[in-house]
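Below is one structure, written out as C-alpha cells; the observations come after it.
Counting starts at 1 for both ligands and their atoms, following the listed order. Counting begins at 1 with the first residue of the sequence.
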Amino acid sequence: MSERGTGALVVRGGTVVDATGERRADVVVDAGRIVGVGPSVAAPSGARVLDASGCVVSPGLVDLHAHLREPGGEAAETVESGARAAARGGFSAVVAMPNTEPPVDCAAAVRAAQSLAVGACVEVAVAGSITVGRAGVQLAPLAEMAALGVRIFTDDGLGVQHSGVMRRALEYARPLGVVLAQHCEDEALAAGGSMNEGEWSSLLGIPGRPAAAEEAMVARDLALVRLTGGRLHFLHLSSGRSVALVREARASGLAVTAEATPHHLCLSDSELRGYDPVYKVNPPLRSARDVAAVREGVADGTVDAVATDHAPHPRESKDEPFESAPPGMIGLETALSVAYGALCLPSAERGGPAGGPVAPGWLADDASPRLALAGLLGALSWRPARIAGLDAPGGTDGGRGGHGGPVAPGSVAHLCVFDTAARWTVDAASGSSRSANTPFAGRELVGRVRHTVVAGEAVVVDGEAQR
Ligand code: DOR
C-alpha cells in the first residue's frame, strides 16, 4: 500500500461503532488520520463530504483470509482486482494467502508478493507458507520471511498432515512471535470427497468429506499447542464439534484463535441438491446443525473472526462437472452483508431471492442467538486486526497499519460506512473481482457497504471504487 492522498474528508451524519462503544458522530479526516470525532465537529474548509446518514461508521474491516491468486492465477484474480473487491466490501486490509503459483515459501517470494501489493487500494499483508512448496514435508524458512514482516504462516488449501512437522513448526514459530494458521482437514479422511459426508451426500450420490476430518485435526493441533506452547489460528471452522473443542481449549487457557466464513454461517449442505459447483468449497458446507453451532461460536466469542476465504476461480473451471470442479467461492464484496443477515437480523428480515421469500438455506427457522452489529464488526475488524498484527502502527510489509480502530483523533483513518437498511441483489458480473463464483448471485441481501476510507483516501464512494 503506497502513501495516500491527503485531502480532508468529513464522514457526516452516521453512528460510529468501534471497540469502545457507539455514538452519533461526524468523523473528520485530514492527512490520512482522524482529526475530529463528534456530533458537530468543525471540518477544514474544502473538505469532501461523505454522507453517512442512516449508516454505521466503523473501523475498516480486516480479512484474515483472501486468495488473491497473483502470481500464477491472474485469470481468476490479481492483487489489484482483489484489493478493489475488498475495498467495495468495506475492508481496509486483507491477508493474502500464499497458495499462489509459485507459493510464497521463501524470502524472494515474499518480496515479490509485497511488491505486487504496493499500489493496491487496501493494505495487503502477505502470508507465508509453513512448509516448502506447501508439501507438508520440510519447514519453510519462517524466520527469513518473518524478518520481512510476515506475521501469518499457513499451507491453506491443505492442512499440515504430519504431526511431527506441525510440532516443529509450532516450536520454531514461537520465538518469532508469528501466528501459524491451520487448514484443518485430515486428508486420509477427506480424500476423494467433494461435499460434506451425511444425509445429503448419500441422497445425491456424491462422495463425502466427513466433519471428523476437520475435528481430528483440530483435536491433534490442540494437543500440539498444549505440548509446545505455540500460537495457532484455526482457519474456516465448519463443524459444531470443532467449535466445541476450541471453546473448551480456550477455557483451559490455550493460545488459540479461530475464524469462520460467511458461507459457513448461512449455507448448509442441502444447497448441493442442484449439483451446482458454485457451492463446492473446502471445508464443505455442513449440516444445518453445524451452521447453527458455528453461529453460536461467533456469538459467544469462541470464533474470534469472520474471514472470507475469498477463493476466485475462472468460469470455465467452475463449469466442470461437480466432482472435478475446484473448491472455493468469492466473498469479499458480500461478506459484511451476508454475515449481517446471518447473525444480526431476525430470519424474516434476512433477504432472500430477489423479490421472493426467505431463501431455503438461510435457515429461516433456526433459533441461533442474534448478535449485535458491534459484535459482528468486532469479528470483522478489530479482532482480526489484532490476530494479524495489523492493528499496530506501521502494520506489516511497510503499510500504514493502525487497522481495527478506534475511531478517535490520532488513529489512521481506515473506515467502513455500512448502510444497514439498504437492500440489494448480488450481481456477480458487476463485482470488482475477476471471478464470479459466488453462491449469493441473484440473492437479495440486507445492508450494504456505502463508503470505504483507507489511510484517509476515499477508495469507495457510494459503492463505486474510485480507482
Ligand atoms: O475451497 C477452498 N478453496 N478452500 C481452500 O482452503 C482453498 C481455496 C482455494 O484456494 O481455492
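Checked against R209 for a salt bridge (charged side-chain N to carboxylate O under 4.0 Å, His left out), the options E197, E187, E214, E323 give a single hit: E187. For the side chain to side chain contact (heavy atoms under 4.5 Å, CB included) test with V298, the passing option among L343, L376, V243, L237 is L343; the others fail. Under the side chain to side chain contact (heavy atoms under 4.5 Å, CB included) rule, V94 has a single partner from T308, L61, L390, V124, which is V124.
Residue-level proximity to ligand 1 for N99 is carried by the side chain, the only part with a heavy atom below 4.0 angstrom. Of all the heavy atoms of K280, none lies under 4.0 Å from any atom of ligand 1, so neither backbone nor side chain is involved. Contacts between M329 and ligand 1 below 4.0 angstrom, taking non-hydrogen atoms only, are absent altogether.
When atom types are taken as modelled, the side chain of E123 and the backbone of G401 share a donor-acceptor pair closer than 3.5 angstrom. Between the side chain of W200 and the backbone N or O of L272 there is no donor-acceptor pair closer than 3.5 Å.
Checking only distances, G328 does come within under 3.5 Å of ligand 1, N or O to N or O.
Looking from atom 1 (O) of ligand 1 to the surrounding protein, the closest heavy atom is N282 N, 2.8 Å. Closest to atom 3 (N) of ligand 1 among all protein heavy atoms lies P327 O, 3.1 Å.
Ring centroids of H65 and H236 are separated by less than 6.0 Å, placing the two rings close together.
The ligand atoms of ligand 1 that sit less than 4.0 angstrom from a heavy atom of H313 are 11 (O). Close approach to V281 involves these atoms of ligand 1, each under 4.0 Å from a residue heavy atom: 1 (O). Close contacts between ligand 1 and H236 involve ligand atoms 6 (O) [criterion: under 4.0 Å to a heavy atom]. Within ligand 1, the atoms closer than 4.0 Å to a non-hydrogen atom of A311 are 3 (N), 8 (C), 9 (C), 11 (O), numbered from 1 in the order shown. Shown in contact with D156 at under 4.0 Å from a heavy atom are these atoms of ligand 1, numbered in order with element: 6 (O).
Nearest residue to atom 11 (O) of ligand 1 from H67, H310, R69, M97 is R69 (criterion: closest heavy atom).
Between H403 and H414, the two ring planes are parallel [angle under 30°; tilted spans 30° to 60°].
Across all non-hydrogen atoms, the minimal contact from T257 to R250 is CA-NH1, 3.7 Å.
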